[in-house]
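This structure is a prediction, so every number in the text was calculated from the model and none was measured. Each ligand, and each atom within it, is numbered from 1 in the order the structure gives. We use all heavy atoms of the structure for the numbers below, so side chains are in, but hydrogens, waters and symmetry mates are not.
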Amino acid sequence: MEDCLFCKIIKGEIPSKKAYEDEYVYAFWDIAPTAPVHILVIPKRHIATLNEVTGENSDVIAKIYEAIPKIAQENGISEDGYRVVSNCNQAAGQTVFHIHFHLLGGRELTWPAG
Ligand code: AMP
Ligand code: ZN
């Protein structure tokens with residue numbers, strides 16, 4: 001996607017602080033962190049929102065969930081615990097329309113979410 005911020009980050013056209021990368025997945029530190037560990041985990045393939053996940057592209061979502069425990073382990077939050085959040089569309093506060101999974105940890109996380 002030409003005008004997608006996260007596609008540009010994957011291509012290296014916009015800088016990011018990489019946390020993890022494999023054939024399907026890219027992860028980088030959030031520019032405005034809300035926790036000591038706040039990493040965005042995204043598929044290299046452009047998918048706009050969770051609403052666009054289907055049987056045809058859900059393999060990359062599985063790859064994301066394989067990567068997350070590795071990233072959590074590398075950043076020391078596996079044992080204490082962490083949260084994974086994906087905001088879908090306006091009511092949930094999605095601002096970047098390339099599906100992403102916030103990996104949050106390093107502090108006590110309250111529940112229910114706001
Ligand atoms: P959401 O509101 O769920 O769509 O999350 C988008 C996230 O992207 C926010 O937490 C932003 O802080 C983050 N973000 C926006 N631009 C950048 C960027 N250039 N590098 C890293 N994170 C970004
Ligand atoms: Zn994109």
Side-chain angles (χ1 to χ4, degrees):
M1 279 282 287
E2 297 256 313
D3 281 333
C4 172
L5 175 66
F6 287 175
C7 282
K8 287 181 180 167
I9 283 178
I10 291 162
K11 285 189 265 180
E13 293 171 6
I14 291 174
S16 65
K17 186 181 166 197
K18 181 161 84 172
Y20 175 85
E21 183 171 16
D22 65 30
E23 188 181 346
Y24 304 98
V25 177
Y26 187 72
F28 56 104
W29 289 79
D30 197 290
I31 204 167
T34 61
V37 176
H38 188 169
I39 292 168
L40 299 174
V41 190
I42 67 176
K44 288 187 171 176
R45 173 175 176 182
H46 181 90
I47 300 171
T49 81
L50 203 44
N51 287 335
E52 277 73 50
V53 174
T54 67
E56 193 268 321
N57 61 16
S58 61
D59 54 331
V60 298
I61 307 300
K63 297 292 183 190
I64 282 171
Y65 273 88
E66 284 178 44
I68 283 170
K70 295 182 202 169
I71 301 166
Q73 181 75 41
E74 279 166 18
N75 288 280
I77 57 174
S78 295
E79 296 308 318
D80 283 350
Y82 56 87
R83 182 172 295 162
V84 179
V85 175
S86 188
N87 297 318
C88 181
N89 278 341
Q90 169 269 328
Q94 184 175 8
T95 58
V96 179
F97 288 84
H98 179 128
I99 196 170
H100 49 281
F101 296 80
H102 298 257
L103 171 59
L104 300 160
R107 67 170 171 83
E108 293 296 314
L109 299 162
T110 58
W111 190 260

Which residue and non-hydrogen atom of the protein lie closest to [atom], and at what distance in Å?
{"atom": "atom 16 (N) of ligand 1", "answer": "L5 CD2, 3.4 Å"}
{"atom": "atom 9 (C) of ligand 1", "answer": "D30 OD2, 3.4 Å"}
{"atom": "atom 4 (O) of ligand 1", "answer": "T95 N, 2.7 Å"}
{"atom": "atom 5 (O) of ligand 1", "answer": "H100 NE2, 3.0 Å"}
{"atom": "atom 21 (C) of ligand 1", "answer": "I31 N, 3.3 Å"}

For residues 17-28, which residue pairs qualify under side-chain hydrogen bond (donor to acceptor under 3.5 Å, both in side chains), counting only residues two or more places apart or in two chains?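 Residue pairs with at least one partner in residues 17-28: S16-Y26, K18-E21, Y20-D22, E21-K44.
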
Which atoms of ligand 1 are found less than 4.0 Å from any heavy atom of [X]?
{"X": "A32", "result": "12 (O)"}
{"X": "V96", "result": "4 (O), 6 (C)"}
{"X": "Q94", "result": "4 (O)"}
{"X": "N87", "result": "3 (O)"}
{"X": "F6", "result": "8 (O)"}

If two hydrophobic side chains count as joined below 4.5 Å and joins carry through other members, does L40 share a cluster with V53?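 Different clusters.
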
Within the distance-only criterion (no hydrogens, no angle test), does the side chain of [X] pair as donor or acceptor with the backbone N or O of [Y] below 3.5 angstrom?
{"X": "Q90", "Y": "A92", "result": "no"}
{"X": "D80", "Y": "I77", "result": "no"}
{"X": "R83", "Y": "T110", "result": "yes"}

With sequence neighbours excluded, what pairs up with T49 under the side-chain hydrogen bond (donor to acceptor under 3.5 Å, both in side chains) test?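 Listed in chain order: E52.
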
Does an N or O from [X], backbone or side chain, lie closer than 3.5 Å to an N or O of ligand 1?
{"X": "G93", "answer": "yes"}
{"X": "I14", "answer": "no"}
{"X": "H38", "answer": "no"}

If you compare all heavy atoms of [X] against all heavy atoms of [Y], which two are closest, and at what distance to 0.1 Å?
{"X": "L103", "Y": "A72", "result": "CD2-N, 4.1 Å"}
{"X": "A19", "Y": "E74", "result": "O-OE1, 3.9 Å"}
{"X": "P36", "Y": "G106", "result": "CG-O, 3.3 Å"}
{"X": "G105", "Y": "Y82", "result": "CA-CB, 4.4 Å"}
{"X": "G93", "Y": "N87", "result": "C-CB, 4.2 Å"}

Side-chain contact, heavy-atom cut-off 4.5 Å: W29 with N75?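 Counting from C-beta outward, W29 and N75 do come under 4.5 Å.
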
Atoms of the protein (N/O/S only) found under 2.8 Å from the Zn ion (ligand 2):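 Less than 2.8 Å away from the Zn ion (ligand 2) sit C4 SG, C7 SG, H46 ND1, H98 ND1.
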
Measuring from non-hydrogen atoms of H102 to any atom of ligand 1, is the shortest distance under 4.0 Å?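 Flag set, H102 near ligand 1.
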
Taking non-hydrogen atoms only, is W29 closer than 4.0 angstrom to ligand 1 via side chain, backbone, both or neither?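 Backbone only.
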
What part of L40, side chain from CB on, backbone N/CA/C/O, both or neither, has a heavy atom under 4.0 Å from ligand 1?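 Side chain only.
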
Going by the angle between their ring planes, with limits at 30° and 60°, are F6 and F28 parallel, tilted or perpendicular?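 Perpendicular.
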
Listed by chain and number, what are the ring pair (Phe, Tyr, Trp, His ring centres under 6.0 Å) partners of H98, not counting sequence neighbours?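 By the ring pair (Phe, Tyr, Trp, His ring centres under 6.0 Å) rule, H98 matches H46.
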
